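Just so it is clear, the values below take in all heavy atoms, side chains as well, and ignore hydrogens, waters and symmetry mates. Numbered from 1 within each chain, the chains take letters A, B, ... in sequence-line order. The model shown is predicted, which means the values in this text are computed figures rather than measured ones.
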2 protein chains.
Amino acid sequence: MSQGKSPNRYTLRDVARHAGVSLGTASKALNKSGTLRQETRDKVLKAADELGFRPNDLAQALHRGQSFTVGLISNDSFGRFTMPIMEGLETVLHAAGIALFMCNATDDPEREKRHIDQLLGKRVDGLIFTGRRADRRPVPGLALGNLPVLYVFSQSDEPGAACLLPDDEGGARLATAHLLSLGRTRIAHVTGPEDFEAVRLRRRGYEASLSKVDPALILHGPWSEAWGREAATRLLAMPVRPDAIFAGNDQIARGIVEALRDNAISVPRDIAVIGFDNWSVMTEASRPQLSSVDMNLKLLGEEAGQRLIRMIRGERESGTSRLPCTLVPRASTVPTP
Amino acid sequence: MSQGKSPNRYTLRDVARHAGVSLGTASKALNKSGTLRQETRDKVLKAADELGFRPNDLAQALHRGQSFTVGLISNDSFGRFTMPIMEGLETVLHAAGIALFMCNATDDPEREKRHIDQLLGKRVDGLIFTGRRADRRPVPGLALGNLPVLYVFSQSDEPGAACLLPDDEGGARLATAHLLSLGRTRIAHVTGPEDFEAVRLRRRGYEASLSKVDPALILHGPWSEAWGREAATRLLAMPVRPDAIFAGNDQIARGIVEALRDNAISVPRDIAVIGFDNWSVMTEASRPQLSSVDMNLKLLGEEAGQRLIRMIRGERESGTSRLPCTLVPRASTVPTP
DNA sequence: GTGAAAGCGCTAACAC
DNA sequence: GTGTTAGCGCTTTCAC
């Protein structure tokens, strides 16, 4: 079956024996608890070091009723947005000695249920749901007791659920205000499918920033460059063209810029373009490079980690909070000198 | 401190009491071990179900000396290539009841060491290293005993190390053969930095497929669209232009296609272009859509999971193996009808 | 100051 | 067939 316990792994008893003290004493020395003579303490530390002793967290967890692990359940197959979140999350949790179980549910409720079940068996100290696909996700079918649960870049209908999201509306305000500050007056909005909450929020931010909204200038479509190109073509066909375009994401923005380029329209002189996501793969390859709005996802992950740690400590941390976005101006709105 | 053990979590003893049997009997019933009357078995199962009992994997692991967890250490911050690998890996491991600890070392040896240490404390049954950045990674500074270790999309110098990689050379052969089969005779290769092993292997595959190699047609540069555009410009300036270009990745390929488009060169009629990675973000947005070579990374992840499971079972699984790539022809090489 | 012993929740060997 | 018991490796009272 298994390869058995690793030959070079020692138990606390081995350390005690090696140091010539009792098991309890060795434990106190290694945990800096109780009152011990410095001499004994050093003796044990030395013995542990010589043996390359690493305490068995499993036994520790069993005793303490706390496993120092949390589970993360992603619903977008570890997609592009999940990555930076995970990175921030992992950094903060690791610093607190907490390890992260990664699970991918891919929007399959059955699979998600199995994952949660497995994680509960591992006695995780907390649970994180991420992945934006389902804007409002149902309550998981398993009783989670009072296990801390945090929704990051995703939401829950449960009353009092703790959710952490980027401030899409604020980000859209930043983008629109930026275009206005450049003297643009006729600003179009080419964005994604209306059933995304992020789309609705960004649109709301855009509309709120304008003194007068022209519905003809708002175009919904898929999240693709092809849609950006098509939408740009439509806008160019209008009797009065826009002088700026706020795109719902960077792929759409890039498509727009390409179509404008094809039509010999100068960006940003004739039409300024700004995207959303600040995805370098898009912003940097675009000609000119794309201005965009950064959702600070890594920071969001770090914040999530800190919040979860507080929840594990027993603090009440309910409700939805949104982290501010950042404007990143580049050549597609600000002409290079 | 901690919120203590969840109130709705019961122990095996509770189940036994609830079913009116002994602890040992309950264990046998739930583990389908030993010989029990069907009646007793059902009674226990019913009790467990009523209580919503979930065995404590920690205790189980402690007893069995096997934790049913493995650690994954990524060195590219959960980058684009790691994602599909993780997805495949996770699927296979989850099916085997094994959970995955995710760690991000970001090529920082100190951080990697801390991660390994933490994972050893958690008594993981195996370790996976991934992330291609460091082509040849040093032996981790910690004694891993006979813990199964697998390098996926990454390598190790340790003799007998188990490595799993895509067959870059084979992929390059596929691409080059494809271009040859279309009747192209002057095939250029625009690729990434020479210090990547993948670059060297792909180049070798390209060279091996040609009867005569012209060094002037091989261009190394960064992994970017901008480099693709620049390289294309250089190739166009040559006295005799190539009639096909094999790019080291899809970003370079897309840059090439764009530059050709800018210069009114028809793709694929005048020059056929093929990329590598089959990254849909690039292949689909490109005009025309990009032919490419798929490394089947999800499959690689699945294969890695199966291999690791065999290693955990105690089977010897050393040496490097490479998984075949797949050709994905699109409009940038095959003219649409 | 240090050692002995109970117990975290589970499994497996051994009684009955 | 079923119950009892001895640990897995650790922490933590409680004696001495």
Side-chain angles (χ1 to χ4, degrees), chain A residues 1-6 8-45 47-48 51-68 97 120-125, chain B residues 1-2 4-6 8-45 47-48 51-68 97 120-123 125:
Chain A
M1 292 299 114
S2 127
Q3 93 276 0
K5 66 175 158 184
S6 209
N8 61 342
R9 291 269 129 219
Y10 293 92
T11 151
L12 185 55
R13 175 164 272 115
D14 297 327
V15 175
R17 211 185 330 255
H18 190 73
V21 297
S22 83
L23 209 174
T25 307
S27 171
K28 281 166 210 156
L30 290 171
N31 294 302
K32 305 174 208 330
S33 63
T35 86
L36 251 59
R37 232 183 326 161
Q38 189 58 41
E39 191 187 322
T40 325
R41 213 173 277 282
D42 292 344
K43 199 165 53 179
V44 173
L45 258 44
L51 261 42
F53 170 75
R54 183 74 183 73
N56 186 332
D57 290 354
L58 262 33
Q60 220 163 300
L62 182 60
H63 183 90
R64 310 226 269 233
Q66 197 183 354
S67 64
F68 281 95
L120 289 179
K122 303 231 174 274
R123 296 297 187 268
V124 289
D125 298 329
Chain B
M1 292 298 115
S2 126
K5 66 174 157 180
S6 208
N8 61 344
R9 290 270 130 221
Y10 293 92
T11 150
L12 186 57
R13 176 162 272 115
D14 297 326
V15 175
R17 208 180 339 250
H18 190 73
V21 298
S22 81
L23 208 173
T25 305
S27 170
K28 280 168 212 154
L30 290 171
N31 294 301
K32 307 177 204 330
S33 63
T35 85
L36 248 58
R37 230 184 327 162
Q38 188 59 38
E39 190 186 323
T40 325
R41 212 173 276 281
D42 292 344
K43 198 164 54 177
V44 174
L45 258 43
L51 262 42
F53 170 74
R54 184 75 183 74
N56 186 331
D57 290 356
L58 263 35
Q60 219 162 301
L62 183 59
H63 182 90
R64 309 226 269 233
Q66 197 184 353
S67 64
F68 282 96
L120 289 179
K122 302 234 175 271
R123 296 299 188 266
D125 298 329

B:K122 NZ to D:dG9 C1', in whole Å, measures 15 Å

Need to verify one output field. Residue with the more 5' nearest nucleotide on DNA chain C, A:R41 or B:L58? A:R41

Between CG on residue A:L58 and CZ on residue A:R123, distance to nearest 0.5 Å: 12.5 Å

Counting only side-chain N and O atoms of A:T25, is one of them less than 4.0 Å from OP1 or OP2 of C:dG3? yes

From C-beta outward on A:H63, which listed nucleotide comes closest to its side chain: C:dA12, D:dT11, D:dC14? D:dT11

A:N31 vs D:dT11: side-chain N/O to OP1/OP2 distance below 4.0 Å: yes

In whole Å, I'd like the distance from the CG atom of B:L12 to the C1' atom of C:dA12. 13 Å

Please tell me which of the listed nucleotides, C:dG9, D:dG1, D:dC10, lies nearest to the side chain of B:L62? C:dG9

When rounded to whole Å, the NZ to P distance for the pair B:K28 and D:dT4 reads 11 Å

For C:dG9, does either OP1 or OP2 sit under 4.0 Å from a side-chain N or O belonging to B:Q60? no

Whole-Å distance between C:dG9 P and B:R64 CZ? 18 Å

Are OP1 or OP2 of C:dT2 and a side-chain N or O of A:S22 less than 4.0 angstrom apart? no

A:R37 side chain N/O closer than 4.0 Å to the phosphate oxygens (OP1, OP2) of C:dT2? yes

Considering all heavy atoms, the nearest B:L30-B:A48 contact: CD2-CB, 4.0 Å

Separation of B:R123 atom CZ from D:dG9 atom P, in whole Å? 8 Å

State whether A:T40 places a side-chain N or O below 4.0 Å from either non-bridging phosphate oxygen (OP1 or OP2) of C:dT2. yes

Is B:L23 touching bases, backbone alone, or none of the nucleic acid, heavy atoms closer than 4.0 Å? base

Among D:dG3, C:dG3, D:dG9, which nucleotide sits nearest the side chain of B:V21? D:dG3

Would you find a donor on one side and an acceptor on the other, under 3.5 Å apart, between the side chain of B:D125 and the backbone of B:Q66? no

Distance in angstrom units between A:L30 CG and D:dT12 C1', rounded: 15 Å

Which one, C:dT11, C:dT2, D:dG9, comes nearest to the side chain of A:T11? D:dG9

Measure from CZ on B:F68 to P on C:dT11 and round the result to the nearest Å. 11 Å

Nearest-0.5 Å distance that lies between atom CG in A:L23 and atom NZ in A:K28: 10.0 Å

Proximal nucleotide (of D:dT2, D:dC10, C:dG9) relative to the B:N56 side chain: C:dG9

Single hit among B:L45, B:D14, B:L12 for side-chain contact (heavy atoms from CB on, under 4.5 Å) with B:F53: B:L12

How close or far is atom C1' of D:dT12 from atom NZ of A:K32, stated in whole angstroms? 18 Å

Shortest side-chain distance from A:T35, nucleotide among D:dC10, C:dC10, C:dT2: C:dT2

Answer yes or no: is there a donor N or O on one side and an acceptor on the other, between the side chain of A:D42 and the main chain of A:E39, under 3.5 Å? no

